[in-house]
Amino acid sequence: MTITNENETPKKNLNFIEQMVENDLKEGLNGGRIQTRFPPEPNGHLHIGHVKAICIDFGIAEKYNGICNLRFDDTNPVKEDVEYVDSIKSDIQWLGFHWENLYYASDYFQQLYDLAIFFIKEGKAYVDEQSAETIAQQKGTPTTPGTESPFRNRPISESLDLFERMNKGDFADGSMVLRAKIDMAHSNMHFRDPIIYRIITTHPHHRTGTKWKVYPMYDFAHGQSDYFEGVTHSLCTLEFEVHRPLYDWFIDQFVEEGAYRPKQREFNRLNITYTVMSKRKLLQLVEEGLVNGWDDPRMPTVCGLRRRGYTATSIRNFIDSIGYTKVEGMIDVSLLEHAIREDLKPKADRVCAIFDPIKLIITNYPENATEILITENNPENEKSGTREMPFGRELYIERSDFMEDAPKNFFRLTPNGREVRLKSAYIVQCTGFKKDADGNVTEVYCTYDPTTKSGTEGGNKKVKSTINWVNIHSCIDAEVRLYDRLFSVEDPLASEKDFHELINPESLKILQGCKVEASLKDAKPLSNFQFLKIGYFTVDEESTKDHLIFNRTVSLKDTWAKKTE
RNA sequence: UGUCUCAUGGUGUAACGGUAGCACUGCAGAUUUUGGUUCUGCCUGUCGAAGUUCGAAUCUUCGUGAGACAACCA
């Protein structure tokens, strides 16, 4: 998207990947063509770690006038499912990215098979009939060399015949594999005759059905697919760094020097405090019912974040702010929270919600009278306009906005008669309160000053605090789900304790009987609001007209709460 | 007793041999019809040791520390 203009000041602060791409461009690599791919395996839902990869894959293509394809890495039918294909596609679109072409590694099964045959004919691959355990044992360790398989030097014709019969279904799963013939003593474990094809007959493939009985392994499929497709820059996370030499080796075997070839480079994966990012752990959370599904708003999945109220923009801004390096670190979740607050600040209308209602009666206000007051939707955004709020003698206010015995620095309602403003309404003074038999305050009484109406000259009077209210007759009930960080420790994976003990017991608190202003009656799912003084909230997907449900996206910063801790 | 990779405030990230900057967090104060926002200020950093150089976060060497790699997963 960037247009290069000689008059423009040179771009600065490129990340190391952009620097590499610009350098490749300058050197005319691959004729100046830029092509990337986002290669998810359809075995789980996308999480925010994937978004980091998506942003660089699609971002590089966009920035350097290239293309980015979506390619499902569907080489293992045992684990994969169409369910995930659909959700991955829609998540990418929701994030605002567009792939040039939609491919599947399974599109290349024939080419990959033919290539395997080529490797066998070249004497660079052989069929091994040993068990998985034996092969693993012979692999050696990172510090000791492996030993060669007795099948390593069998005749090419024999391997060829066996491999073809493997694919006809003549042999059971696990009975034999095709291995590349490289070096069992290599210091890089991945070069110790890696398995490149295995037999899978027990699970039909979600796209090719039972056509194939052998499936390529990642190392043989990924780089070759990149090559078939014309990928120039194959970007992935750091754990694939040790695979890169093998990625290059395979391509060396059938591509001439100097010809086009894809290039793999690795960046740091995303870790965020108080959550986990591995698909295995996320799956465990779902399967054990520790959360309510992949889209539980506590999950770092794209669907979970969306349901939590995170916008695509905020997630992309967050990713943009953390950058790409080779340093494996841990991002403070407050950075993510900052991104959503920043995005919602001008977008989310301010509304009143009372979580723990207590009745406030304005004793000098006429009974049965109703008055329509005007309030701004968002002081941070003039274009957001105003709305009407019905005011009356009986209101609900937040229980915590009244204190019988208040410290000096408590600015809200107290029986001492401090003046307090009701948001967009009048200034009131507490005159008394009522308690039930258990000593709980049930009603608070106050008088109002009719000359202090907001928007009038008398309304300019300064008071120390403004509190929220809803009209007792027009407000509506709502359920509020207060979400917080899923884990109570910064790095759950690093803890010695059992995974289950690390879950934050307060990661979800459900509040019933909350009172929200009537304007929220028709709020649409996934729309964002700021509940004044409380936080940003979104309407849950399960919310209905008769049963409103709001999810807390993130709280507002609260220096008062900090002081009182 | 392997190979590869990495090392800048609490966290993340810049500085590409020439003044260590930015964001987040935290702490103060000002403003505020949100104890929010905004504004101002403050705290805190080049892993260590040699070397090259007029000059090193940057280049070299040696340490130290951290991570990845031994799935018929990707």
Side-chain angles (χ1 to χ4, degrees), chain A residues 12-15 19 39-41 43 73-76 78-80 105 128 131-132 135-137 139-146 173-179 186-192 195-200 214-215 217-219 221-222 236 238-245 266 268 273 279-280 321-339 341 345-346 350 352 375-376 379-380 409-412 421-425 427 452 454-455 459-468 490 530-535 555-564:
Chain A
K12 291 188 293 190
N13 293 1
L14 298 176
N15 64 46
Q19 287 179 30
E41 184 188 15
N43 69 343
D73 229 340
D74 55 348
T75 57
N76 184 2
V78 175
K79 291 186 172 177
E80 294 150 10
D128 194 338
S131 69
I135 291 175
Q137 276 168 13
K139 205 114 196 179
T141 71
T143 51
T144 57
D173 293 25
S175 59
M176 49 185 78
V177 292
L178 184 68
R179 291 227 257 168
H186 203 286
S187 58
N188 184 332
M189 297 288 290
H190 296 284
F191 276 73
R192 322 247 261 228
I195 293 166
I196 57 176
Y197 261 93
R198 78 288 215 190
I199 303 170
I200 298 174
V214 291
Y215 291 90
M217 298 283 289
Y218 169 84
D219 283 308
H222 198 93
C236 58
L238 246 24
E239 66 266 30
F240 291 97
E241 211 158 25
V242 279
H243 293 252
R244 197 209 300 177
E266 313 81 14
N268 58 348
T273 54
K279 264 191 204 173
R280 213 183 94 247
S321 73
I322 62 175
Y324 295 82
T325 67
K326 303 191 76 157
V327 187
E328 299 172 57
M330 173 84 74
I331 306 285
D332 195 323
V333 70
S334 65
L335 218 69
L336 216 208
E337 294 175 343
H338 175 257
R341 288 195 188 104
K345 189 167 57 185
R350 273 60 170 163
C352 282
T375 189
E376 57 200 342
E380 306 285 330
N409 62 348
F410 182 80
F411 304 145
R412 286 109 95 167
R421 177 176 304 281
L422 295 175
K423 173 71 181 169
S424 299
I427 290 174
T452 58
S454 293
N460 293 331
K461 185 172 180 184
K462 301 291 176 209
V463 293
K464 197 75 176 157
S465 178
T466 298
I467 66 174
N468 297 320
E490 281 200 359
Q530 185 195 100
F531 288 176
L532 277 161
K533 299 173 126 177
I534 304 175
S555 65
L556 254 32
K557 287 204 224 164
D558 193 345
T559 51
W560 168 247
K562 259 177 206 159
K563 276 179 193 159
T564 52

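Side chains are part of it too, since the values below use all heavy atoms of this structure and drop only hydrogens, waters and symmetry mates. Below, chains carry the letters A, B, ... as their sequence lines are ordered, and counting in each starts from 1.
- Using a 4.0 Å heavy-atom criterion, one finds that Gln530(A) contacts the bases of the nucleic acid, with or without backbone contacts as well.
- Pairing partner, U38(B): A30(B), with both Watson-Crick or wobble hydrogen-bond distances short of 3.5 Å.
- In this structure, the CD atom of Glu376(A) is 13 Å from the C1' atom of G36(B), given to the nearest Å.
- Distance, Arg179(A) CZ to A70(B) C1': 12 Å, rounded to whole Å.
- At least one side-chain nitrogen or oxygen of Arg198(A) sits closer than 4.0 Å to the OP1 or OP2 atom of A74(B).
- Among the protein residues, Arg350(A) comes within range of the nucleic acid bases, having at least one heavy atom under 4.0 Å from a base atom.
- Spacing of C1' atoms, G48(B) relative to A7(B), comes out at 12 Å, to the nearest Å.
- Contact annotation for Ser454(A): base contact, defined as any heavy-atom pair under 4.0 Å involving a base atom.
- With A70(B), C27(B), G2(B) as the choices, the nucleotide that has an atom nearest any side-chain atom of Lys562(A) turns out to be C27(B).
- A gap of 14 Å separates the P atoms of G45(B) and U8(B), to the nearest Å.
- With A14(B), U33(B), G36(B) as the choices, the nucleotide that has an atom nearest any side-chain atom of Lys557(A) turns out to be G36(B).
- Between Leu532(A) atom CG and G36(B) atom P the separation is 13 Å, expressed in whole Å.
- Put simply, CZ on Phe191(A) is 17 Å from P on C69(B), counting in whole angstrom units.
- At the heavy-atom level, Glu41(A) lies under 4.0 Å from the strands shown only through sugar-phosphate atoms.
- Looking at heavy atoms from C-beta onward, Asp128(A) lies out of side-chain contact with Met176(A) at the 4.5 angstrom threshold.
- Using atom P as the reference point in both U37(B) and G17(B), the two lie 40 Å apart (nearest Å).
- Side-chain N/O atoms of Asn43(A) and Lys279(A) include a donor and acceptor closer than 3.5 Å.
- Here Trp560(A) counts as stacked on G35(B): its ring centre is under 5.5 angstrom from the base ring centre and the planes meet at under 30°.
- Across all strands shown, Lys279(A) has no heavy atoms under 4.0 Å from either base or sugar-phosphate atoms.
- For the pair Lys326(A)/Leu238(A), a side-chain contact is recorded, criterion being any heavy-atom separation below 4.5 Å from C-beta on.
- Between the Arg412(A) side chain and the Thr466(A) main chain, no donor and acceptor come within less than 3.5 Å of each other.
- Across A74(B), G2(B), C4(B), the shortest atom-to-atom separation from the side chain of Tyr218(A) is found for A74(B).
- Using atom C1' as the reference point in both U44(B) and C24(B), the two lie 14 Å apart (nearest Å).
- Residues Leu556(A) and Gln530(A) have side chains in contact (heavy-atom distance under 4.5 Å, counting atoms from C-beta outward).
- Within the nucleic acid shown, Tyr215(A) has no heavy atom closer than 4.0 Å to any nucleic acid atom.
- Nearest-nucleotide positions on RNA chain B for Thr143(A) and Lys464(A) put Thr143(A) closer to the 5' end.
- Atom CG of Asn460(A) and atom P of U32(B) are 12 Å apart (whole Å).
- Side-chain atoms of Met217(A) lie closest to C72(B) of the nucleotides C72(B), U25(B), A14(B).
- Looking at Tyr218(A) and Thr75(A), their side chains never come closer than 4.5 Å, going by heavy atoms from C-beta outward.
- Between Pro142(A) and Ile199(A), the one whose closest nucleotide on RNA chain B sits nearer the 5' end is Pro142(A).
- Computed from coordinates, the Lys533(A) NZ to U32(B) P distance equals 16 Å when rounded to whole Å.
- Among the heavy atoms of the strands lying under 4.0 Å from Arg412(A) is at least one base atom, whether or not backbone atoms are also near.
- When heavy atoms are screened at a 4.0 angstrom cut-off, Ser131(A) is found touching base atoms of the nucleic acid.
- Taking the P atoms as reference points, A57(B) lies 24 Å from C42(B), given to the whole Å.
- If you check U58(B) for Watson-Crick or wobble pairing at under 3.5 angstrom, you find it has no partner at all.
- When heavy atoms are screened at a 4.0 angstrom cut-off, Pro245(A) is found touching no nucleic acid atom at all.
- Among the protein residues, His190(A) comes within range of the sugar-phosphate backbone only, with heavy atoms under 4.0 Å from sugar or phosphate atoms but none that close to a base.
- Here the C1' atom of nucleotide U3(B) and the CZ atom of Arg192(A) are 10 Å apart, to the nearest Å.
- Heavy atoms of Gly146(A) sit nowhere under 4.0 angstrom from any nucleic acid atom.
- Under the 3.5 Å distance criterion, the side-chain polar atoms of Asp332(A) are left unmatched by any main-chain donor or acceptor of Leu335(A).
- Residue Thr559(A) is in sugar-phosphate contact alone, with no base atom involved, counting any heavy-atom pair closer than 4.0 Å across all strands shown.
- A 3.5 Å limit on both hydrogen-bonding distances identifies U64(B) as the Watson-Crick or G-U partner of A7(B).
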Next item on the list: Assess whether side chain to side chain contact (heavy atoms under 4.5 Å, CB included) is satisfied between Val177(A) and Ile135(A), documenting all intermediate values.
Entry: CA-CA 10 Å; Val177(A) 292; Ile135(A) 291 175; 3.9 Å; yes
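- Remark: Glu376(A) does not engage Arg350(A) in a salt bridge, criterion side-chain N to carboxylate O under 4.0 Å.
- A donor and an acceptor atom never sit less than 3.5 Å apart when one is taken from the side chain of His243(A) and the other from the base of A68(B).
- Judged by distance alone, with hydrogens and angles left aside, Glu490(A) brings no side-chain donor or acceptor close enough to the base of G10(B) to form a pair under 3.5 Å.
- Nucleotide U13(B): paired with G21(B) (Watson-Crick or G-U wobble, both distances less than 3.5 Å).
- Going from the C1' atom of U19(B) to that of A14(B) covers 15 Å, rounded to whole Å.
- Looking at the side chain of Met189(A), the nearest of the listed nucleotides A70(B), A71(B), A14(B) is A70(B).
- Within the 4.0 angstrom heavy-atom criterion, no nucleotide atom of any strand lies near Phe531(A).
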Pairs: protein N or O with nucleotides 11-13 of chain B N or O, under 3.5 Å:
unit_1 : atom_1 : unit_2    : atom_2 : d
U11(B) : O3'    : Met330(A) : O      : 3.2
U11(B) : O2'    : Met330(A) : O      : 3.1
U11(B) : O2'    : Asp332(A) : N      : 3.4
G12(B) : OP1    : Met330(A) : N      : 3.2
G12(B) : O2'    : Ile322(A) : O      : 3.1
U13(B) : OP1    : Asn268(A) : ND2    : 3.3
U13(B) : OP1    : Thr325(A) : OG1    : 2.7

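- Without hydrogens or angle criteria, Asp74(A) side chain to Ala105(A) main chain gives a donor-acceptor distance under 3.5 Å.
- Judged by Watson-Crick or G-U wobble contacts below 3.5 Å, the nucleotide A70(B) has no partner.
- The base of G36(B) is not paired with the side chain of Arg341(A) by any donor and acceptor separated by under 3.5 Å.
- Among the protein residues, Asn188(A) comes within range of no part of the nucleic acid, since none of its heavy atoms lies under 4.0 Å from any strand.
- One finds a salt bridge joining Glu266(A) and Arg244(A) here, because a Lys/Arg side-chain nitrogen approaches an Asp/Glu carboxylate oxygen to under 4.0 Å.
- Side-chain atoms of Arg179(A) never come within 3.5 Å of backbone atoms of Tyr197(A) as a donor-acceptor pair (strictly under, hydrogens ignored).
- Checking A74(B), A15(B), G35(B) against the side-chain heavy atoms of Phe240(A) singles out A74(B) as nearest.
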